[in-house]
Protein chains: 2
Amino acid sequence: MTYCVGLLLKAGIVLLSDTRTNAGMDNISTYRKQFLFEEPGERVIAIMTAGNLSVTQTTLARLREAIDGPDDQAHRSIMHAHSMLQVAEIIGATLAEVRQSVDEKMAGPGQGAAASMIVAGQRRGGDMRLFLVYSEGNFIEATEDTPFLQIGEHKYGKPILDRVVRPETTLADARKAVLLSMDSTLRSNLSVGMPLDLCVIERDQCRIGQQTRIEAGDQVFGAMSQAWSNALRDAFQTIEI
Amino acid sequence: MTYCVGLLLKAGIVLLSDTRTNAGMDNISTYRKQFLFEEPGERVIAIMTAGNLSVTQTTLARLREAIDGPDDQAHRSIMHAHSMLQVAEIIGATLAEVRQSVDEKMAGPGQGAAASMIVAGQRRGGDMRLFLVYSEGNFIEATEDTPFLQIGEHKYGKPILDRVVRPETTLADARKAVLLSMDSTLRSNLSVGMPLDLCVIERDQCRIGQQTRIEAGDQVFGAMSQAWSNALRDAFQTIEI
């Protein structure tokens, strides 16, 4: 499985993804699930992927081909799209097309090449937006009421987000919130694994502010994880019922 | 959906279940999912249910009929079983039988009358045991390494249990842990709802120690929920990364 989470805040966007991919319990690999595209100052687009790896890889490959391709393919290039809405539409159409073609090859019972993506970014002069694109190509968007979107193993890490994430949350707190949300998921579900990819995009900068890979033995992440465990246990002791 | 959790500790057993049942989003009802059977000092058995309501109700009805029935049905009565293992086997066999017969009536695609149960208890002179019985009638058992079992919407409430529940946990802390685990689930998932049924069985008492229904407006539960929110937010502020 996978866990990816994206936050859309007044201050910007924060994205975090794991890298574990498995085809069965005995076939586990590491694959990046966070892909960044930018023309600094002009536009920035981030994509995070969950689901069938052949679908997500082929979708990304086609998106890249359209970016690098000849001018007559420009209408399929996310780097030429007029707005983030159009970016989401291009990605949705590409994903749906790839999923359908893979689905047809996997005609066995119980099979299904589902995949989903989180798409975030901003074009100069436009709004910052955060979308969740489904297998079928349709999508939903984060709003003030629901400032975060998740794909993959989303349940373990949702309670902490429900409690602390608001549109006004600072980027530093948002970074902490997604890392703690991931920490809860890592502890409870083996199919989500280190290393992690973290990306921060400040509003109206139209460029990647911070992009970090957090490796398995990362001491800062380990210390945070331990501190959170201790803080939770202390908090638990203070509760009376 | 449903959320039920059972803890098997050195000090005894703690069980908590919600009561929300839904057949579609617009057909929501309240049904007890925790059923207690006791012959005080001799044996105590608790059953919690998740899944298809017609399956779980019919299974319970058949178990009750076997208890009240004529002596030639005694081998199917959980109140006559020689051990908790035999209790789990009787419940598993009954559940599998009912599920299969309902399944046959629901032959549509994507249908399926799945249900599962947590079975806990003790017979005088025997061990305290906690089982998770699957639709097919097979079961697993809680151990020292994994002292808790969950059915239904189990993911939201798992991180807190992973962090605080050990076989040595006191009954008071265990009660708190299951209530906080439920609180996280209630906040993140609409299909789990108040009131809650809480049951505590002390080791070797072979009787129900405490049985409480916590209603929707319960002030103590509300205060705990609020205190936990505040404690989590405070803990969040103390973490540095």
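In what follows, every chain begins at residue 1, and chains take the letters A, B, ... in the order their sequences are listed.
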Legend entry - Region of B:Gln237 in contact with chain A, defined by heavy-atom distances below 4.5 Å: both

Legend entry - Side chain / backbone / both / neither for B:Ala177 at chain A, heavy atoms under 4.5 Å: both

Legend entry - Backbone N/O of B:Arg163 and side chain of A:Arg233: donor-acceptor pair under 3.5 Å: yes

Legend entry - Residue B:Val220 versus chain A: region with a heavy atom under 4.5 Å: both

Legend entry - Part of A:Asp173 within contact of chain B (heavy atom distance under 4.5 Å): both

Inset, instruction - Give the minimum heavy-atom separation between B:Ile239 and A:Ala231, together with the two atoms involved. - result: CD1-CB, 4.3 Å

Inset, instruction - Step through the shown structure and confirm whether more than 12 heavy atoms of other residues, nucleotides or ligands are within 6.0 Å of CD on B:Gln100. - result: no

Legend entry - Identified side chain to side chain contact (heavy atoms under 4.5 Å, CB included) partner of A:Lys155 from the options B:His154, B:Lys155, B:Lys158: B:Lys155

Legend entry - Spacing of CZ belonging to A:Phe236 relative to OG1 belonging to B:Thr169, to within rounding of 0.5 Å: 7.5 Å

Inset, instruction - Can you tell which part of B:Leu180 gets under 4.5 Å to a heavy atom of chain A, answering side chain, backbone, both or neither? - result: side chain

Inset, instruction - Please state whether the side chain, the backbone, both or neither of B:Leu179 comes within less than 4.5 Å of a heavy atom of chain A. - result: side chain

Inset, instruction - Assess whether atom CD1 of A:Ile28 is packed by more than 12 heavy atoms of other residues, nucleotides or ligands within 6.0 Å. - result: yes

Legend entry - Over 12 foreign heavy atoms within 6.0 Å of CG, A:Leu190: no

Legend entry - Gap separating the CG atom of A:Asp162 from the CG atom of B:Leu232, nearest 0.5 angstrom: 11.5 Å

